[in-house]
Amino acid sequence: MPAPEEASPSPLAVHAGQALYTRSFLRIYDTLVYRVNSPLTWRCPKERLVALYDRHVSGNHLDVGVASGVLLDECRFPVPAPDLTLMDLNPSSLAAADRRLRRYRPRLHRADVLRPWGLPHGSVDSVGMCHLLHCLPGTLADKAVVLEHARRVLKPGGTLFGATIPGSGVDHNRSARLQLGLANRHGIMSNRLDRPEDLDAALDAVFPEHEVVVTGSVALFWARTG
């Protein structure tokens with residue numbers, strides 16, 4: 001595995017929202033998240049997320065908050081040999097996704113999404129950001145800096161897309177409410193006040209074209225530069 005490039009170091013070694021992603025947790029991640037939580041708790045099956053990737057992923061793609069890399073593994077790139085960059089603060093996630101996607105020879109970039117990314121401006125055609133925003137600390141207004149960072153690395157006409165779990169403003173079932181309470185108490189998620197309309201407003205402030213669609217407890221979104 002190539003050594004990941006690093007942007008400016010974060011003042012925190014890791015954020016609580018991504019510290020959970022250890023090697024041992026990543027071994028069960030796909031089963032727990034995509035066979036149990038996604039279809040039953042959040043009511044947004046993995047197939048919906050893969051379809052989001054299929055619609056918006058490009059041949060020159062940056063994925064931010066890569067987890068296990070499963071969505072990139074299963075999506076259909078528009079070219080057989082995409083130019084792929086994986087970005088995460090957690091080295092275990094980068095290593096796991098790199099192994100899974102080694103057929104694409106991805107570049108690895110370790111960085112804190114809340115700080116400048118250390119990537120060239122206007123360098124990619126798409127940015128994927130799946131299940132990241134609800135793990136970041138603060139409100140959606142605080143997290144909106146991530147959208148600005150994404151816009152800067154996108155080329156004209158490029159697309160940001162992803163998914164997040166709002167803490168309010170959507171119809172959570174009992175399992176979702178229990179998991180949200182537990183995850184927020186332990187700092188795994190920070191989304192109690194996140195609402196789909198706040199995400200919509202944050203995207204509208206940065207991108208000239210965007211859409212937010214709620215499926216179950218999940219807000220799927222895309223936004224395009226001018």
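Everything numeric here is computed off the predicted structure, so don't read it as measured data.
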Does V113 form a side-chain contact (heavy atoms from CB on, under 4.5 Å) with L89? I'd like the steps, not just the answer. CA-CA 8 Å; V113 297; L89 183 60; over 6 Å; no
According to ring pair (Phe, Tyr, Trp, His ring centres under 6.0 Å), does anything in residues 65-101 pair up with another residue at least two apart or in another chain? List the pairs. F77-Y104
Evaluate V70 against V33 for side-chain contact (heavy atoms from CB on, under 4.5 Å), listing each step before the verdict. CA-CA 11 Å; V70 63; V33 172; over 6 Å; no
I want to check something: taking the side chain as every heavy atom from C-beta on, are [X] and [Y] in contact at a cut-off of under 4.5 Å?
X    : Y    : answer
C130 : L49  : yes
D194 : L133 : no
L101 : L86  : yes
W222 : L160 : no
N191 : P166 : no
D88  : V64  : no
L220 : F161 : no

Going hydrophobic residue to hydrophobic residue with side-chain gaps under 4.5 angstrom, can you get from [X] over to [Y]?
X    : Y    : answer
I28  : V66  : yes
L147 : L193 : no
V213 : F207 : no

Is the backbone of [Y] close enough, under 3.5 Å, to the side chain of [X] for a donor and an acceptor to pair up by distance?
X    : Y    : answer
K46  : Y34  : no
T22  : F25  : yes
N173 : L40  : yes
D198 : L140 : no
R177 : H172 : yes
D63  : M87  : no

Report, as yes or no, whether the 6.0 Å neighbourhood of atom CZ on R76 holds more than 12 heavy atoms from other residues, nucleotides or ligands. no
For residues 152-159, run the donor-acceptor check on the side chains, cut-off 3.5 Å, and write out each pair with its distance to 0.1 Å, sequence neighbours left out.
{"residue": "R152", "atom": "NH1", "partner": "H149", "partner atom": "ND1", "Å": "3.2"}
{"residue": "T159", "atom": "OG1", "partner": "R224", "partner atom": "NE", "Å": "3.3"}

Side chain to side chain contact (heavy atoms under 4.5 Å, CB included) against [X], all qualifying residues, sequence neighbours excluded:
X    : result
R192 : N184, R185
E197 : R195
R35  : T31

Distance check, rounded to the nearest 0.5 Å: C75 atom SG versus L52 atom CG? 10.0 Å
Rounded at 0.5 Å granularity, tell me how far OH in Y53 sits from CG in L72. 5.0 Å
Among Ile, Leu, Val, Met, Phe, Trp and Tyr joined by side-chain contacts under 4.5 Å, find the other residues sharing a cluster with V170 and list them by chain and number. V214
Answer yes if the side chains of H61 and D83 hold a donor-acceptor pair under 3.5 Å, and no otherwise. no
Donor-acceptor side-chain pairing of H109 and T85 below 3.5 angstrom: no
Least distance between heavy atoms, S126 atom then S58 atom: OG-OG, 2.7 Å
Assess whether a salt bridge exists between R100 and D30, defined as any Lys/Arg side-chain N lying under 4.0 Å from an Asp/Glu carboxylate O. yes
side-chain contact (heavy atoms from CB on, under 4.5 Å) evaluation trace for L84 with R107: CA-CA 6 Å; L84 178 61; R107 285 186 296 273; over 6 Å; no
Anything under 30° is parallel, anything over 60° is perpendicular, the rest tilted; go ahead and classify H134 against H131. tilted
